[in-house]
Amino acid sequence: MTTVGFIGSGQIGSTVARLAIEAGHQVVLSNSRGPETLADTVAELGPRASAATSGEAAAAGDIVVVTVPVKAFPDLPAASLAGRTVIDTCNYGPERDGNIPELDSRSLTSSELLLRYLPDAMVVKAFNNIFYKHLLSLARPAGATDRSYLPIAGDSAPAKAAVNAFIESIGFSVVDAGPLADSWRQSTGTPVWGTPYGPYSDEKGRPADEDTIRAALATATH
């Protein structure tokens with residue numbers, strides 16, 4: 001059993017938390033508004049869930065899921081995240097985040113930008129390419145023939161191994177998409193973003209196998 005901390009508890013965060021609890025993990029949720037605002041979510045998720053401040057959630061997590069707007073990166077509790085395996089689910093959107101020159105020029109990926117704010121963390125990109133309803137509906141037990149694959153990218157082999165094991169435990173298999181510098185291949189608008197799992201209008205989605213995900217990553221262009 002792993003304790004998973006969450007900084008941000010929106011659609012993706014709460015969905016990953018639900019899957020984690022179903023797999024037997026503990027979760028500690030946080031958001032920008034304070035733990036008291038998560039009382040209903042914690043009650044719904046049950047006794048393996050609790051709410052805390054972002055710093056407390058970071059300190060509690062064996063793995064910490066960061067799922068916030070990119071513009072909120074400077075506000076993350078860097079000291080509490082030092083040494084932690086951090087799953088970055090975030091997608092850059094200038095209309096929400098404002099223009100960030102390094103991302104607009106593509107000299108950095110958003111995960112590399114996150115690492116600048118969390119220099120002592122081990123960042124792995126995951127969960128940013130799938131609609132939250134598909135994430136919930138496509139989870140399958142190990143060995144299922146219709147198991148879907150998710151891409152992950154990161155620079156730390158131990159962190160990737162930890163994230164791989166976590167994702168496997170909650171119902172998906174993993175394609176290694178390379179280092180953080182290559183995580184643009186799974187960013188907003190790329191072939192692997194959303195499309196392999198079916199349209200948003202179909203809430204159940206469709207399984208995406210390893211070959212489908214590898215092909216989508218390979219056809220991404222800057």
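Contact detail for V68 and I7: the closest heavy-atom pair is CG1-O, 3.4 Å. A57 and F6 make their closest contact through CB-O, 3.8 Å (heavy atoms, listed as atom of the first residue, atom of the second, distance). The minimum heavy-atom distance linking L38 with S9 is given by the pair CD2-CB, 3.8 Å. What you find for Y92 and T188 is that their closest heavy atoms are O-OG1, 4.2 Å. Between S80 and A58, the shortest heavy-atom contact is CB-CB, 3.7 Å. Across all non-hydrogen atoms, the minimal contact from A49 to V42 is O-CG1, 3.5 Å.
Proximity of L138 to P207: side-chain heavy atoms (C-beta onward) are separated by under 4.5 Å at one or more points. Looking at heavy atoms from C-beta onward, Y117 lies in side-chain contact with P74 at the 4.5 angstrom threshold. Counting heavy atoms from C-beta on, the side chains of V27 and R48 never come closer than 4.5 Å. Contact annotation: the side chain of V175 approaches that of E210 to within less than 4.5 Å [non-hydrogen atoms, C-beta and beyond]. Contact annotation: the side chain of P196 approaches that of I213 to within less than 4.5 Å [non-hydrogen atoms, C-beta and beyond]. Side chains of Y197 and L150 form a contact here, defined as non-hydrogen atoms less than 4.5 Å apart.
Few gaps surround CG on D104; more than 12 heavy atoms of other groups in view lie less than 6.0 Å from it. In this structure, R106 places its CZ atom where only 12 or fewer heavy-atom neighbours from other residues, nucleotides or ligands lie under 6.0 Å away.
With sequence neighbours left out, the salt bridge (Lys or Arg N to Asp or Glu O under 4.0 Å) criterion links D176 to K160. By the salt bridge (Lys or Arg N to Asp or Glu O under 4.0 Å) test, E22 pairs with no residue at all, sequence neighbours left out. Checked against side-chain hydrogen bond (donor to acceptor under 3.5 Å, both in side chains), E203 has the following partners two or more places apart in sequence or in another chain: K133.
Taking hydrophobic clusters as Ile, Leu, Val, Met, Phe, Trp and Tyr residues chained together by side-chain heavy-atom distances below 4.5 Å, V65 shares a cluster with F131. Hydrophobic clustering (ILVMFWY, side-chain heavy atoms < 4.5 Å, transitive): V86 and V163 are in distinct clusters. Note on L45: it clusters hydrophobically with V4, by side-chain heavy-atom contacts below 4.5 Å among ILVMFWY residues. Hydrophobic clustering places I130 together with F166 (ILVMFWY residues linked when any side-chain heavy atoms are closer than 4.5 Å, directly or through intermediates). Taken together through direct or relayed side-chain contacts under 4.5 Å among Ile, Leu, Val, Met, Phe, Trp and Tyr, L113 and W184 form parts of separate hydrophobic clusters.
The NE2 atom of H222 sits 8.0 Å away from the CZ atom of R185 when rounded to the nearest 0.5 Å. Going from atom CG of N99 over to atom OG of S105 covers 11.0 Å, rounded to the nearest 0.5 Å. Atom-to-atom distance recorded for N129:CG and L135:CG is 9.5 Å, nearest 0.5 angstrom. Taken from CG in L114 to CG in L108, the straight-line distance is 11.5 Å, to the nearest 0.5 Å. Taking CD1 of I87 as the start and CZ of F127 as the end, the distance is 5.0 Å to the nearest 0.5 Å. Put simply, CG on L136 and NZ on K204 are 12.0 Å apart, with the number rounded to the nearest 0.5 Å.
Side-chain N/O atoms of T89 and T67 include a donor and acceptor closer than 3.5 Å. Using modelled atom types and a 3.5 Å distance limit, the side chains of N31 and T37 yield a donor-acceptor pair. In summary, the side chains of S111 and D88 do present a donor paired with an acceptor at a separation below 3.5 Å, with no hydrogens or angles considered. If you check the side chains of S169 and H25, you find a donor sitting under 3.5 Å from an acceptor.
With E56 contributing its side chain and T53 its backbone, the two residues share a donor-acceptor pair below 3.5 Å. Side chain of N128 to backbone of Q186: a donor-acceptor contact under 3.5 angstrom is found. A donor-acceptor contact shorter than 3.5 Å links the side chain of T109 to the backbone of L180. A distance-only check finds a donor-acceptor pair linking the side chain of K71 to the backbone of R96 [under 3.5 Å]. With hydrogens and angles ignored, the 3.5 Å screen pairs a side-chain donor or acceptor of K125 with a backbone N or O of C90.
Among residue pairs with one or both ends in residues 135-154, those qualifying as salt bridge (charged side-chain N to carboxylate O under 4.0 Å, His left out) are R140-D146, R147-E168; sequence neighbours excluded. Residue pairs meeting the ring pair (Phe, Tyr, Trp, His ring centres under 6.0 Å) criterion with at least one member in residues 30-63: none, sequence neighbours excluded. Within the structure, the salt bridge (charged side-chain N to carboxylate O under 4.0 Å, His left out) test picks out no pair touching residues 187-201 (sequence neighbours left out).
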- Task: Show your reasoning for whether side-chain contact (heavy atoms from CB on, under 4.5 Å) applies to R206 and H134.
- Result: CA-CA 8 Å; R206 62 172 179 246; H134 294 164; over 6 Å; no
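With respect to the salt-bridge test (charged N to carboxylate O, under 4.0 angstrom), the residues R116 and E112 do not qualify.
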